[in-house]
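To start, the structure under review is shown below, and the notes come after it.
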Amino acid sequence: MAVFKINEKTYTAKPFDFNTVCDLDDMGISVDDMDKKTTSVIRAYFALCAGVDKETAGKEIQKHILNGGDVMSLSKAMGDEIEKSDFFRVLNKKTEEKNPTLESEKVEAE
């Protein structure tokens, strides 16, 4: 499992499984919106990893940034968990199959 630091505290990244996707959905983050709501996804994911609510997570991230930190290690840890998640990969593939224009838009953008 990936780890990351926020405010000098080390956290373990949660795997992207069914429960994590449901927890994010409960926080208002759907798989379909993950590319559009990057900061909200990072805040919600950190909240899950830290065991706190979104408001507390946002305050911790803000404090971390104001003290010279960034969210790159958190973002990388989340990305690593997404990449190795069989569940997320299948879910994402099904979303792309439902929305084939999204894939063609990605190709055109490259």
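Atoms considered below: every heavy atom in the structure, side chains included; atoms not considered: hydrogens, waters and symmetry mates. In this text the structure is predicted, and so the values were computed from the model without any measurement.
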Shortest non-hydrogen contact between Lys37 and Gly28, atoms and distance:
NZ-O, 3.8 Å

Between the OG1 atom in Thr56 and the CZ atom in Arg43, the distance rounded to the nearest 0.5 Å is 10.5 Å

Within the 4.5 Å heavy-atom criterion, are Ile42 and Met78 side-chain neighbours or not?
yes

Residues which pass side-chain contact (heavy atoms from CB on, under 4.5 Å) with Glu8, listed by chain and number, not counting sequence neighbours
Lys5

If two hydrophobic side chains count as joined below 4.5 Å and joins carry through other members, does Phe18 share a cluster with Val41?
yes

Is there a path of hydrophobic side-chain contacts, each under 4.5 Å between heavy atoms of I/L/V/M/F/W/Y residues, joining Val3 to Leu48?
no

Qualifying residues under side chain to side chain donor-acceptor pair (under 3.5 Å), relative to Ser85, sequence neighbours excluded:
none

Write out all pairs satisfying ring pair (Phe, Tyr, Trp, His ring centres under 6.0 Å) with one or both partners inside residues 39-60, taking only residues at least two apart or from two chains.
Tyr11-Phe46, Phe16-Tyr45

Linked, directly or transitively: Ile65 and Ile6 (ILVMFWY side chains, under 4.5 Å)
yes

With hydrophobic residues grouped by side-chain heavy-atom distances under 4.5 Å, do Phe87 and Ile29 end up in a single group?
yes

Spacing of Ile82 atom CD1 and Thr20 atom OG1 [to the nearest 0.5 Å]:
10.0 Å

I need the Cys22 SG to Asp17 CG distance, nearest 0.5 Å.
9.0 Å

In terms of heavy-atom contacts, Ala13 and Cys49 come closest through CA-SG, 3.9 Å

How many angstroms lie between CD1 in Ile61 and CG in Asn7, if you round to the nearest 0.5 Å?
9.5 Å

Which residue pairs pass the side chain to side chain donor-acceptor pair (under 3.5 Å) test with at least one member in residues 67-76, sequence neighbours excluded?
Lys76-Asp80

Non-neighbouring partners of Lys84 that pass side chain to side chain donor-acceptor pair (under 3.5 Å), sequence neighbours left out:
Glu81

Just to verify, what does Asp23 make a side chain to side chain donor-acceptor pair (under 3.5 Å) with, not counting sequence neighbours?
none

